[in-house]
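The structure presented is a predicted model; accordingly, all values stated were derived computationally and were not measured. The sequence lines fix the lettering, A, B, ..., with proteins before strands; numbering per chain opens at 1.
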2 protein chains.
Amino acid sequence: MSTDSTRTAILRAAERLYAERGFGDVTLRDIVAAAEVNLAAVNYHFGSKDELITELFVTRSIATNRERLNELKAAEAAGGGRAPVEDVLRALVGPTVRGCLGPDSQRSDAARFMIRASIEAIPPIRKIKNREIDHLRKFAAALRRALPGKADEEIFWGLHFALAMAHQTVRDSERLLRLSDGVCDLDDVDGVIDRVVNLAALALTATKPAAADKAPARRGGR
Amino acid sequence: MSTDSTRTAILRAAERLYAERGFGDVTLRDIVAAAEVNLAAVNYHFGSKDELITELFVTRSIATNRERLNELKAAEAAGGGRAPVEDVLRALVGPTVRGCLGPDSQRSDAARFMIRASIEAIPPIRKIKNREIDHLRKFAAALRRALPGKADEEIFWGLHFALAMAHQTVRDSERLLRLSDGVCDLDDVDGVIDRVVNLAALALTATKPAAADKAPARRGGR
DNA sequence: TTGCATTTCAAACGTGTGTATGAAACTATC
DNA sequence: GATAGTTTCATACACACGTTTGAAATGCAA
């Protein structure tokens, strides 16, 4: 093999197992069994378990960020340097949702691995995760361009809620599925993305006093 | 002590440590050290580590659900059997948010423990967690009463998004804090709850075609 | 006090984990 | 085909974990 097949076999097996079962439940022995390689190969090729996880996370993190930024740039280029709020949000949450929901064939271990990483926040990952902030700032900036005059506070909350809804939907899709008894269609990936994007956009574009049809926003319950 | 002080010392120490550091990073030896009791006391009083966690989770789960239902019933009683959407949602997300955010003195290990439990989904917890669905159905029913004629699908999505936003906000408040450089005030607990509740209510009450001021909801990105 | 049940304690056990070792197998260059 | 460098392999190590054990300490009724 011209490519180091043992190395990549370990990476693929680890990514798949971690995506399926989480970090806590997967041992090196599980990984090497799935990859059909020797136990010592992990330490030979990666140095340690933590370095294996770190390499996986860094690689996927870069890929995800690039994918998001590509969509953002495409959207902004189409709009002459400014994209509608919806498109900015879609670029932010689309890649992850698309990789985690939908038919099995379309789901990616990579996206589900990243969700696991964001959930369990294992030490080797926690250190790197700080860079995500800088990445998100680029989307905050794009939202500012889309909403001139909007207060920063609102921008950040909108961004946060968009991520929260997308993230939680892919993370615990089972609960929504069971709660709704199948009424909520999580295989309609674009539909899910639209729900998240539209609601977050609503948060960002709605006029301040929130003119809902009834029950004006009241503060300080109980 | 009339109350079994060793037992409760273990429970308190375990709850605090699990809340602070998660299940993966806390060993029985950590717990008994914090509780200042002997290692064997855990197995003597609880049988096993899993049973200790189960007892913690069951106790807190019941308490949380009761707190939520109390608020819901109070709200519905005040409205003659029907509460406004906002109040239903507030009863759902309020207890958790209030227990996890705000000044240290007001934060509770119990609420943060429950968040950890919902994040890490350890085997002993996973089995019990199914009951949460039944609990949430009561809130879905209350939302149906508040929004007669609304499609069930929308009810469930609204409920889901409300939980998603609240949950993610308390779970990763640090990220929002750093992203916004302190602009978003997470110590204003009622303010946070209002944001979540109002946005979720907007999702539930907004007319279907989502008449935002610009960029009509479009389907099928990329 | 005596006797018995409950609780605490130090110490050890068995198991599963990540990691290290040193020899064997393989690959490529001369 | 011999040699040096790389990769694989079976095996073992060291350690931390949850759990068990049996004796000591404590509480409490008669």
Aromatic ring pairing A:Y18/A:F113, orientation class (parallel under 30°, perpendicular over 60°, tilted between): tilted

Parallel, tilted or perpendicular: rings of B:F161 and B:W157 (30°, 60°): tilted

side-chain hydrogen bond (donor to acceptor under 3.5 Å, both in side chains) assessment of A:E67 paired with A:T64: CA-CA 5 Å; A:E67 197 176 347; A:T64 301; 5.6 Å; no

For B:E71, the option from B:R90, B:R66, B:R98 that meets salt bridge (Lys or Arg N to Asp or Glu O under 4.0 Å): B:R98

Between [Y] and [X], is there a salt bridge with N-O shorter than 4.0 Å?
{"X": "B:E15", "Y": "B:R112", "value": "no"}
{"X": "A:R195", "Y": "B:E154", "value": "yes"}
{"X": "B:E153", "Y": "B:R144", "value": "no"}

Full working for side-chain contact (heavy atoms from CB on, under 4.5 Å) between B:D4 and B:H45: CA-CA 10 Å; B:D4 190 331; B:H45 286 284; 3.3 Å; yes

Footprint string (nucleotides 8-19 of chain C, 5' to 3'): B base within contact, S backbone only, - free, heavy atoms under 4.0 Å: BBB-B----BBB

Check: B:S5 main-chain N/O paired with B:T8 side-chain donor or acceptor under 3.5 Å: yes

First-last contacting nucleotides on DNA chain D - partner chain A, under 4.0 angstrom, heavy atom: D:dT6 to D:dA12

Net bend of the helix from C:dT1-D:dA30 to C:dC30-D:dG1, end axes of five pairs each, nearest 10 degrees: 0°

Over 12 foreign heavy atoms within 6.0 Å of CZ, B:R7: yes

